[in-house]
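The structure appears below as structure tokens.
What you see is a predicted model; the values in this text were computed from it and never measured.
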Amino acid sequence: MSTTPTSNFIRTIIDADLASGKHSIIVTRFPPEPNGYLHVGHAKSICLNFGLAEDYRGKCNLRFDDTNPEKESNEYAQSIQDDVRWLGFQWDGEVRWASDYFEQLYGFAVELIEKGLAYVEDLSAEEMREYRGTLTQPGKNSPYRDRSVAENLDLFARMRAGEFADGARVLRAKIDMASPNINLRDPAIYRIRRAHHIRTGDAWCIYPMYDYTHCISDALEGITHSICTLEFEDHRPLYDWVLDNITIACHPRQYEFSRLELHYTITSKRKLLQLVNEQKVSGWDDPRMPTIQGMRRRGYTAAGLREFARRIGVSRSENSVDMAIMEGAIREDLEARAPRVMAVINPLKVTLTNFEGATSREADFHPNHPEFGKRIVPISASLYIEADDFAEAPPPGWKRLTLGGEVRLRHSYVMRCDEVIKDSSGNVIELLCSIDHATLGKNPEGRKVKGVIHYLSCEHAIPAEIRLYDRLFTVAEPDADREIDFCNYLNPESLKVVQGWVEASVKDAAPETHYQFERLGYFCTDRRDHQPVSRPVFNRTVTLKDSWTKEQS
RNA sequence: UGGGGAGUCGCCAAGUGGUAAGGCAACGGGUUUUGAUCCCGUCAUUCGUAGGUUCGAUCCCUACCUCCUCAGCCA
């Protein structure tokens, strides 16, 4: 799989920084807010930041941007760490928390006040909005903008001391209310919020804002390249303003790349939360969710996801990635690592009328990896085949079973269908077939049998719950139109649960074991519900490529 | 209509003054006891449009077009 990394604009910058001696080692960071589960877009960012550190032998920190206690929880923080590790990365040293820097952040705010670069605002949120102006009109100065340093210092200390009600005052950076960049129109940097924080408890009732916190946290950690998504581009002047106006030795540079849009999925935390809350899915780890937890449960592999990230690259242009790129990366990884077994999803009974004297055969678990081992593939007089593999009136090009036709039973004999048995309403319920005893392990004489179908011996097969997943949405870009609720595009067929049969060799499989069910697709034992022996549950990760179905349509 | 960005093959994406990488998809062909895998081959005289500079432009300049993004005491 992964070859040499493709060039991208960030690597070009790093190469130049290393060549010029600006940096001798690079330090990146992945800075999630613990307010939700990570999704495929975060996976891209994780692969970028940790991948850069790996490639350049630098470091990458995991830092939680925990500055909004009302939305954050330990459950989220824990799952994020699990996800990063599962993806195959390890952060440098301990996990960092922006909240670890609260005291220093406070100190820098005092410094800004002392320099006349920050002031306490008494205007309400609504008034501030009015004073801010619009995209085309400059804002106007707050009447509180020119308070004395002493008064600001006193007020800010009292904000911290809890003398004012939530929302009564904020601390603002004093920059430029007429700036064409709205982020520079005296942004709030501290607000009063009496909320219990997951790390600092009730120690603080004022919390620093993202723009103020993030740049200082980066500087404190000696980050060299602070990589974020495009929507923060307009914030970069503020990032630089803060670091230029406090006494701090390090000034990381921020670079923005475009976020991932993946066809047939959504990557908005808010919308993902909505799916969970409205029970459109079973939870954050529903295998249809584009969350890392969901994709993992579905059977996507960490190596497959990393390969996906490598294939989509990193740029600054908008993109909308085909699901085929994801599926291709996942298939490629599973192709190499998943043992092959047989399963029947939609069984049709076959009775072998000349079974006497037939024998079972041993077969490799992987055609190209003998080290995966072998098992006996049992055969008996009663079989299940896939109902779709038989056709009374076959379309042109059909290679599978038909009345009077022959087909190879995978790893076993060539079989001919002699008779079709139907119920009173005309449905095919059973096939009477005969095998050619001379075809075990060799081709029949004088004729070619092109079709190969999989089967299971009824007496040896074990029943299993099989969950057939399909895309969650019916259209490629479900949230493209702001006017239409993305829930209108939920795919009613995104999950079909069926009772099928699997070969006995998988009965002891642990949860999260990957298999290829031959001719059907890649499947994975469910992380939550599967129990070895007692309750087999398989999730369909992705189907196999299928040139036959494509030819039909 | 203010600011900041982006436009290279169906989808991603390199290249950034010397004559358009690669991947995915697609399409042909070969191997095959998975219509899978694997292998071979095909797939942008052209880089949003129009001018200009240059021996030479996707790359530099000018104008225009299209799309994205910013008015939280969210991140």
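Neither OP1 nor OP2 of B:G23 sits under 4.0 Å from any side-chain N or O of A:T6. Taking side-chain N and O atoms only, A:T136 has no distance below 4.0 Å to OP1 or OP2 of B:U1. Here A:K550 reaches the OP1 or OP2 of B:C27: one of its side-chain N or O atoms lies under 4.0 Å away. Under 4.0 angstrom from either OP1 or OP2 of B:C12 there lies no side-chain N or O belonging to A:S315. Listed pair A:S317 / B:A13 meets the phosphate criterion, a side-chain N or O lying under 4.0 Å from OP1 or OP2. The side chain of A:R191 places an N or O atom within less than 4.0 Å of a non-bridging phosphate oxygen (OP1 or OP2) of B:A75. One finds no side-chain N or O of A:R193 lying less than 4.0 angstrom from the OP1 or OP2 phosphate oxygen of B:C73.
Under the Watson-Crick or G-U wobble criterion, with both distances below 3.5 Å, B:G18 is paired with B:C55. A 3.5 Å limit on both hydrogen-bonding distances identifies no Watson-Crick or G-U partner for B:A13. Base pairing of B:C67: its partner is B:G5, meeting the Watson-Crick or G-U wobble criterion (both donor-acceptor distances under 3.5 Å).
Centroid-to-centroid, the aromatic rings of A:F102 and A:H197 come within less than 6.0 Å. Not less than 6.0 angstrom separates the ring centroid of A:Y239 from the ring centroid of A:F232.
Closest to the side chain of A:R482, out of B:U69, B:G72, B:A75, is B:U69.
Nearer to the 5' terminus of RNA chain B, by closest-nucleotide assignment, is the contact made by A:Q137 (compared with the other of A:Q137 and A:G167). Annotation: of the two residues near RNA chain B, A:M326 and A:I182, the 5′-most nearest-nucleotide partner is A:M326.
Counting non-hydrogen atoms under 4.0 angstrom, A:F232 reaches a base of the nucleic acid. Across all strands, A:V170 comes closer than 4.0 Å to base atoms (heavy-atom distances).
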Table of protein N/O atoms under 3.5 Å from nucleotides 34-36 of chain B N/O atoms:
from	atom 1	to	atom 2	distance (Å)
B:U34	O4'	A:E518	OE1	3.4
B:U34	N1	A:E518	OE1	3.3
B:U34	O2	A:Q516	OE1	2.9
B:U34	O2	A:R519	N	3.0
B:U34	N3	A:Q516	OE1	2.6
B:U34	O4	A:R340	NE	2.4
B:U34	O4	A:R340	NH2	3.2
B:G35	OP1	A:R519	NH1	3.0
B:G35	O3'	A:S547	OG	3.3
B:G35	O2'	A:S547	N	3.4
B:G35	O2'	A:S547	OG	2.7
B:G35	O2'	A:W548	N	3.2
B:G35	N7	A:R400	NH1	2.7
B:G35	O6	A:K399	N	2.9
B:G35	N1	A:G397	O	2.9
B:G35	N2	A:G397	O	3.3
B:A36	OP1	A:S547	OG	3.2

